[in-house]
Amino acid sequence: MSTLARDKSRQMRAARAAELARKTRQRKVAKIVGILVILGLMAAIAIAVGRSLASDDSGDVTGKVVVPANVETGAFSVGDTDAPVTLDLYYDYMCPACGAFESTNAGDLSRLIDQGTIRVNLHVMAFLDEQSQGTEYSTRAGNAYAAVVDAAPDRVWAFHNGLYANQPHEGTEGLNDDQIASIALRAGVPADVVENFTEGVHRGWVAQSTQEAFDAGVTSTPTVKLNGDMFTGDWSAPDELTKAIETAAASGLR
């Protein structure tokens, strides 16, 4: 092999060696960069999870279950704890049949509550949100009711009756927040309680109350139970429910 050829061969081997060393360095750098990227992503994920958890604790409350004070076994009770008759009422504030029930029976129920004859357990539901054109009226009204249960329990029955006295038609947007607030104020709910309605603190509990009613076998509203048994009479007939309550009270059965 000539000197020129040997020199050319050495140059080619040196070039290949240099190229191999360059590629090796590139692979090492890429590996290090890749590790750093992965570590950076892991750190970012950890931060995001931490922020999410913090948000769950102090941010949006609409999905959390905040049980109102004064609720026992899923319901708020109106009336004397020693009343001889207990009535459980399952209802939705948008439900037309519930409105008819109230129109027929609210006056008599109020009288029977005042007389100490009956204790009414209110089980709020909100399954008709889709019937209020996207405003979620059932949930908003239920949340407002829950806020009153929590902070102004002596005004619950008046507010409940007021919501039905001003019940919107099913399929409409329902009452707006200001209208709900106005009804509450007229029912004697303190202004500082009313101001909390729009915070939606109890929306999660309203959803839970709805599911508990379904789990208990409620398939329609209003559902009425007297002393734990389903009322099968015609509540739309004036005095029929009242007579059943008075009969149960006279019998002394609970």
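Separating the CG atom in Leu122 from the CG atom in Asp88 is a distance of 9.0 Å, to the nearest 0.5 Å. In this structure, CZ in Phe101 is found 11.0 Å from SG in Cys95, a value given to the nearest 0.5 Å. One distance of note links CH2 of Trp235 with OG1 of Thr104; it measures 6.5 Å at 0.5 Å rounding. In this structure, OG in Ser132 is found 9.5 Å from CD in Glu170, a value given to the nearest 0.5 Å. Distance check, rounded to the nearest 0.5 Å: CZ of Arg155 to CG of Leu185 gives 11.5 Å. Leu87 contributes atom CG, which lies 4.5 Å from atom CD1 of Ile118 (distance to the nearest 0.5 angstrom).
At least one side-chain heavy atom of Phe214 sits less than 4.5 Å from a side-chain heavy atom of Met125. For the pair Leu241/Asp234, no side-chain contact is recorded, criterion being any heavy-atom separation below 4.5 Å from C-beta on. Taking the side chain as every heavy atom from C-beta outward, Ser77 and Glu72 never approach each other to under 4.5 Å. Proximity of Asp108 to Ile245: side-chain heavy atoms (C-beta onward) are nowhere separated by under 4.5 Å. Taking the side chain as every heavy atom from C-beta outward, Asn176 and Gln179 approach each other to under 4.5 Å. At a threshold of 4.5 Å between non-hydrogen side-chain atoms, the residues Arg119 and Asp80 do not count as touching. With contacts defined as side-chain heavy-atom distances shorter than 4.5 Å, the pair Pro153/Val149 does not qualify. In this structure, Glu102 and Cys98 have side chains that are not in contact, with every pair of non-hydrogen atoms separated by 4.5 Å or more.
Without hydrogens or angle criteria, Asp150 side chain to Ala146 main chain gives no donor-acceptor distance under 3.5 Å. Side-chain atoms of Ser110 come within 3.5 Å of backbone atoms of Ala106 as a donor-acceptor pair (strictly under, hydrogens ignored). For the pair Asn143 (side chain) and Phe197 (backbone), a donor-acceptor distance under 3.5 Å is present. Not a single donor-acceptor pair under 3.5 Å links the side chain of Thr223 to the backbone N or O of Val218. Distance alone, capped at 3.5 Å, is enough to place a donor-acceptor pair between the Thr247 side chain and the Lys243 backbone. Between the side chain of Thr210 and the main chain of Val206, a donor-acceptor pair closer than 3.5 Å is present.
Nearest heavy-atom pair, Ala152 versus Val189, reported as atom, atom and distance to 0.1 Å: CB-CG1, 4.5 Å. A pairwise comparison of heavy atoms in Val194 and Ala181 identifies CG1-CB, 3.4 Å as the closest pair. Among all heavy-atom pairs drawn from Ser209 and Val124, the shortest one is OG-O, 2.6 Å. Listed here is the closest heavy atom pair of Phe76 and Asn70: CD1-O, 3.4 Å. Residues Ile183 and Leu163 come closest through the heavy atom pair CG2-N, 3.9 Å. Nearest heavy-atom pair across Pro222 and Leu89 is CB-CD1, 4.0 Å.
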Hey, mind stepping through Ser138 and Asp92 against side-chain hydrogen bond (donor to acceptor under 3.5 Å, both in side chains) and telling me if it holds? CA-CA 6 Å; Ser138 295; Asp92 184 308; 2.7 Å; yes
Applying side-chain contact (heavy atoms from CB on, under 4.5 Å), run through Val201 and Asn196 and close with a yes or a no. CA-CA 8 Å; Val201 172; Asn196 295 329; 6.0 Å; no
When you look at Asn227 and Val85, which way does the side-chain contact (heavy atoms from CB on, under 4.5 Å) test go after all the steps? CA-CA 6 Å; Asn227 291 337; Val85 179; 3.9 Å; yes
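Taking the six-membered ring for Trp, Tyr164 and Tyr93 have ring centres closer than 6.0 Å.
Classification of Glu246 and Arg111 as a salt-bridged pair holds, one side-chain N sitting under 4.0 Å from a carboxylate O. Under a 4.0 Å N-O distance rule, the pair Arg140/Asp177 qualifies as a salt bridge.
Each of Leu109 and Met230 belongs to its own hydrophobic cluster when Ile, Leu, Val, Met, Phe, Trp and Tyr are linked at side-chain heavy-atom distances under 4.5 angstrom.
A donor-acceptor pair shorter than 3.5 Å can be found between the side chains of Thr139 and Asp129.
Every residue meeting the side-chain hydrogen bond (donor to acceptor under 3.5 Å, both in side chains) condition with Gln211, not counting sequence neighbours, appears here in chain and number order: Asp215. Applying the ring-ring contact (aromatic ring centres under 6.0 Å, His included) criterion to Tyr90, with sequence neighbours excluded, gives His123. Every residue was checked against the ring-ring contact (aromatic ring centres under 6.0 Å, His included) condition with Tyr137, not counting sequence neighbours, and none meets it.
Ring planes of Trp157 and His160: parallel class, angle under 30° (limits at 30 and 60°).
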